[in-house]
Number of protein chains: 2
Amino acid sequence: MPRPRTPLLSRDRIRDAALDLIDRDGLPALSMRRLAQTLGVQAASLYTHVATKDDVLDAVANRLIAQVDTSGFATGWRDGLLTWARSYHAALAAHPNAVPLIATGTQRRDEFLGMANAVHGGLVRAGWPARRATEISGAVKYLVIGAASTPFASGFADDVQVYLDRYPHLTQAHRLRADAARIDRDSFELGLQALVRGLEPGPSARAETP
Amino acid sequence: MPRPRTPLLSRDRIRDAALDLIDRDGLPALSMRRLAQTLGVQAASLYTHVATKDDVLDAVANRLIAQVDTSGFATGWRDGLLTWARSYHAALAAHPNAVPLIATGTQRRDEFLGMANAVHGGLVRAGWPARRATEISGAVKYLVIGAASTPFASGFADDVQVYLDRYPHLTQAHRLRADAARIDRDSFELGLQALVRGLEPGPSARAETP
DNA sequence: ACCTGAACACCGTTCAAGT
DNA sequence: ACCTGAACACCGTTCAAGT
């Protein structure tokens with residue numbers, strides 16, 4: 001095929017096709033050859049637009065992080081943390097197969113830094129000391145990343161048995177899966193609220209610690 | 001080389017060599033061929049003792065989980081949770097390159113179920129309702145997994161700048177790394193203690209909720 | 001500038017063959 | 001039973017060649 005008048009590919013098209021493939025078939029199924037195939041080109045063609053496979057994965061990760069909402073810090077640090085954590089959690093839960101990209105990847109990407117700055121700044125403006133703000137951001141992020149990383153995270157045998165007893169019919173398997181998703185969400189919410197509650201009474205009462 | 005009188009390989013030797021390789025060169029560097037090379041055999045020989053590469057990774061994951069301490073529940077649910085979370089965190093922090101195996105892997109492995117049963121049982125014996133016990137176990141596990149997944153998890157630009165300012169000399173780079181590790185640990189501890197504190201006053205006060 | 005086809009150095013896994 | 005050597009169907013990436 002000769003060079004088309006309008007390019008077949010673009011960095012964004014490659015990035016979006018990669019996320020589709022990851023969502024559909026899982027992260028291990030993403031290869032440059034398979035990705036090229038879904039775009040109707042040869043694998044080598046991708047390298048006109050992206051540097052490496054890792055470059056593609058970085059673009060996918062940034063696309064997910066771009067959806068995270070840090071506007072809640074305008075209302076206060078509690079609201080900021082809750083809004084941030086919930087939108088972060090939702091962005092990852094919408095693409096469970098892509099979570100390892102965010103969990104283990106290097107955090108030096110543009111969108112990551114923007115998000116981190118917004119959170120850290122929001123906490124410091126609310127009166128938390130910088131070091132403490134770092135720790136709080138880290139702890140909440142741990143919760144989000146952990147919750148997104150382990151599907152049906154609990155996986156506790158006793159509990160599984162409870163659900164198997166409740167849904168003995170194979171045709172109900174989709175309900176079991178829906179219930180597992182709800183447990184994951186409830187566990188995350190419980191942890192988030194408990195953590196924020198455990199940070200009370202807030203920065204003002206600790207102001208004497210520089 | 002003919003068949004030796006004592007086998008060159010065993011499942012345990014393969015598992016330990018795999019963990020060594022992961023610790024040294026990272027998870028992506030682990031291939032069946034490289035693994036075989038460190039053991040002085042051909043790649044095909046490994047398949048006498050293990051079914052697949054995933055089988056090897058499962059064995060590595062189980063080895064890490066086996067070190068987790070759930071004995072603290074004998075003292076009470078707070079002590080149980082803290083001991084469990086800290087020993088789990090320590091087991092993963094000792095092998096950061098292997099963390100993705102635990103974070104994303106299927107949780108159907110023997111050691112995982114044993115650990116999960118101990119934690120869930122400890123919480124239920126302390127009076128927490130089963131559903132709530134599942135959520136609490138899940139939330140604490142999220143914190144552990146998240147903390148282990150993201151090295152220098154905070155990665156917040158402001159904070160990095162603080163450290164770059166404090167350690168402007170390249171020769172101090174190892175101190176920067178040590179400080180980053182301490183921040184990770186402090187963030188995890190802050191989150192853990194805040195979460196457990198946020199669970200007060202404990203199960204007795206909620207006993208009316210079945 | 002953009003895409004192709006072939007090539008290179010890798011993978012995980014299988015299997016007949018040797019002892 | 002245990003290990004080898006060769007093979008199969010894959011990888012990521014490079015590069016000369018075409019338009």
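Labels below follow one simple rule: chain letters A, B, ... track the order of the sequence lines, proteins then strands, and each chain is numbered from 1.
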Q: Could you tell me whether the side chain of Ile136(A) reaches within less than 4.5 Å of the side chain of Trp77(A), counting heavy atoms only?
A: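 They are not in side-chain contact.
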Q: Evaluate the side-chain proximity of Asn62(A) to Phe112(A): yes if any heavy-atom separation is below 4.5 Å, no if none is.
A: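 In short, these two side chains touch, coming nearer than 4.5 Å.
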Q | Short side-chain to backbone donor-acceptor contact, Thr83(A) and Gly80(A), under 3.5 Å | A |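 The answer is no, because no donor-acceptor pair under 3.5 Å joins these two groups.
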Would you mind telling me which of [options] lies closest to the side-chain atoms of [X]?
X        : options                   : value
Gln42(A) : dT14(D), dG5(C), dC11(D)  : dG5(C)
His49(A) : dC3(C), dG12(C), dC15(C)  : dC3(C)
Ala44(A) : dT4(C), dC11(D), dA6(D)   : dT4(C)
Ser45(B) : dC3(C), dT13(D), dT4(D)   : dT4(D)
Leu9(A)  : dG5(D), dC3(C), dG12(D)   : dC3(C)
Tyr47(A) : dC11(D), dG12(D), dC11(C) : dG12(D)

Please report, rounded to the nearest Å, how far the [atom2] atom of [N] is from the [atom1] atom of [X].
X        : N       : atom1 : atom2 : result
Leu35(A) : dC11(D) : CG    : P     : 11 Å
Met32(B) : dC10(D) : CE    : C1'   : 16 Å
Gln37(A) : dC3(C)  : CD    : P     : 17 Å
Arg11(A) : dA1(C)  : CZ    : P     : 18 Å
Arg33(B) : dT13(C) : CZ    : C1'   : 9 Å
Leu46(B) : dC3(D)  : CG    : P     : 9 Å
Lys53(B) : dC10(C) : NZ    : C1'   : 12 Å
Leu27(B) : dG12(C) : CG    : C1'   : 15 Å

Q: With Leu101(A) as reference, evaluate Asp58(A), Ile22(A), Leu19(A) under the side-chain contact (heavy atoms from CB on, under 4.5 Å) test and give the passing residue.
A: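 Only one option passes, and that is Ile22(A).
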Q.
Return the pairing partner of dA9(D) with a 3.5 Å limit on both distances, Watson-Crick or G-U wobble; otherwise return none.
A.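 Because no pair has both required distances under 3.5 Å, dA9(D) counts as unpaired.
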Q: Tell which nucleotide pairs with dC2(D), taking only Watson-Crick or G-U wobble pairs whose two distances are both under 3.5 angstrom.
A: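 Across any shown strand, dC2(D) pairs with dG18(C).
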Q | Side-chain donor-acceptor contact under 3.5 Å, Tyr47(A) with Asp55(A) | A |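 Tyr47(A) vs Asp55(A): no donor-acceptor pair found between side chains.
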Q) Reckon Thr48(A) touches a base, only the sugar-phosphate, or nothing at all at heavy-atom distances under 4.0 Å? A)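 Thr48(A): base contact, heavy atoms under 4.0 Å.
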